[in-house]
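Computed from heavy atoms alone, side chains included, the values below leave out hydrogens, waters and symmetry copies. We're numbering straight along the sequence, starting at 1.
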Amino acid sequence: MDCKIFDSELKILEILWEGGELPAKEVAARAAGQADWSKTTTYTVLKKCVEKGLVARKEPGFQCRALVTRGEVQRRETRELIDRMYGGSADRLVASLLDGRTLTGEEIDRLRRMVEELK
């Protein structure tokens with residue numbers, strides 16, 4: 001998964017992560033309800049997702065399922081953000097997230113545990 005994932009493709013993935021394997025017409029119905037998309041728009045985005053290897057399509061019934069997990073996409077997008085906005089420095093991202101924020105003792109302890117697990 002080395003391709004750019006657009007917001008529209010992420011919407012399709014979200015529907016599939018929530019619903020599991022679904023027929024394309026059900027994906028279109030959910031996209032219409034959540035994002036006010038037409039069936040044509042949904043099918044176009046689904047086609048792009050299939051071409052990128054993000055979604056599998058099988059017959060009969062144009063059954064669709066995500067080929068990537070939410071965690072995989074989150075990790076990839078986070079790495080891209082760190083590289084693009086923070087020069088590849090994760091600590092600069094964390095500093096930016098915490099800038100001006102007061103943390104509770106519990107939050108600080110949780111962060112310490114996470115850092116220790118990374119060592």
Report summary line: Rounded to the nearest 0.5 angstrom, the NZ-OG1 distance for K11 and T42 is 10.5 Å

Report task. For F6, enumerate each residue passing the ring pair (Phe, Tyr, Trp, His ring centres under 6.0 Å) test, keeping only those at least two apart in sequence or located in another chain. Result -> none

**Report entry** Option passing side chain to side chain contact (heavy atoms under 4.5 Å, CB included) with V55 (candidates V27, V45, L46, L67)
**Finding:** L46

Query - Partners passing side-chain hydrogen bond (donor to acceptor under 3.5 Å, both in side chains) against S8 (at least two apart in sequence or in another chain) - result: none

Report task. Starting at CH2 of W37, measure out to CZ of R30 and round the result to the nearest 0.5 Å. Result -> 14.0 Å

Report task. Indicate yes or no for a side-chain donor-acceptor contact from T78 to the backbone of Q74 under 3.5 Å, with no hydrogens or angles considered. Result -> yes

Report task. Test side-chain contact (heavy atoms from CB on, under 4.5 Å) on M85 and L93 and set out the steps. Result -> CA-CA 8 Å; M85 299 300 294; L93 168 66; over 6 Å; no

Query raised in the report: Should the heavy atoms of other residues, nucleotides or ligands under 6.0 Å from CG of D7 be counted, would the total exceed 12?
Result: no

Query - Lys/Arg N to Asp/Glu carboxylate O, E77 vs R84, below 4.0 Å - result: no

Requested in this report: Look at E117 together with R113 and state whether they make a salt bridge at an N to O cut-off of under 4.0 Å.
Outcome: no

Report summary line: Rounding to 0.5 Å, atoms CD (E21) and NZ (K58) come to a distance of 4.0 Å

Report task. Please round to the nearest 0.5 Å and tell me the distance separating atom NZ of K48 and atom CD1 of I5. Result -> 14.5 Å

Query raised in the report: Any link between L97 and Y86 through a network of hydrophobic side chains (Ile, Leu, Val, Met, Phe, Trp, Tyr) touching at under 4.5 Å?
Result: yes

Report task. Decide side-chain contact (heavy atoms from CB on, under 4.5 Å) for R57 and F62; before the verdict, give the C-alpha distance in whole Å, the side-chain angles of both, and the deciding distance to 0.1 Å. Result -> CA-CA 6 Å; R57 170 190 174 171; F62 197 161; 3.3 Å; yes

Query raised in the report: Side-chain heavy atoms under 4.5 angstrom apart, residues restricted to Ile, Leu, Val, Met, Phe, Trp, Tyr: same cluster for L98 and M114?
Result: yes

Report task. Following the transitive rule for hydrophobic clusters with a side-chain heavy-atom cut-off under 4.5 Å over Ile, Leu, Val, Met, Phe, Trp and Tyr, establish whether V73 and V50 coincide in one cluster. Result -> yes

Report task. Answer yes or no: is there a side-chain heavy-atom contact under 4.5 Å between W17 and I12? Result -> no

Requested in this report: Ignoring hydrogens and angles, tell me if any N or O in the side chain of E107 forms a donor-acceptor pair with the backbone of T104 under 3.5 Å.
Outcome: yes

Report task. Please lay out, stage by stage, how R76 and E80 fare under the test salt bridge (Lys or Arg N to Asp or Glu O under 4.0 Å). Result -> CA-CA 6 Å; R76 181 185 175 277; E80 187 176 302; 3.7 Å; yes

Requested in this report: Please name all residues satisfying side-chain hydrogen bond (donor to acceptor under 3.5 Å, both in side chains) with E51, sequence neighbours left out, ordered by chain then number.
Outcome: none

Query raised in the report: Are T41 and S38 linked by a side-chain donor-acceptor pair shorter than 3.5 Å?
Result: yes

Query raised in the report: Under 4.0 Å between a Lys/Arg side-chain N and an Asp/Glu carboxylate O for K52 and E9?
Result: yes

**Report entry** L13 CG to C64 SG distance, which is reported to the nearest 0.5 Å
**Finding:** 11.0 Å

Report task. State plainly whether the residues E14 and R70 are in salt-bridge range, i.e. N to O under 4.0 Å. Result -> yes

Query raised in the report: Thinking salt bridges, do K119 and E116 make one under a 4.0 Å N-O criterion?
Result: yes

Query raised in the report: What distance separates R110 CZ from L103 CG, expressed to the nearest 0.5 Å?
Result: 9.5 Å

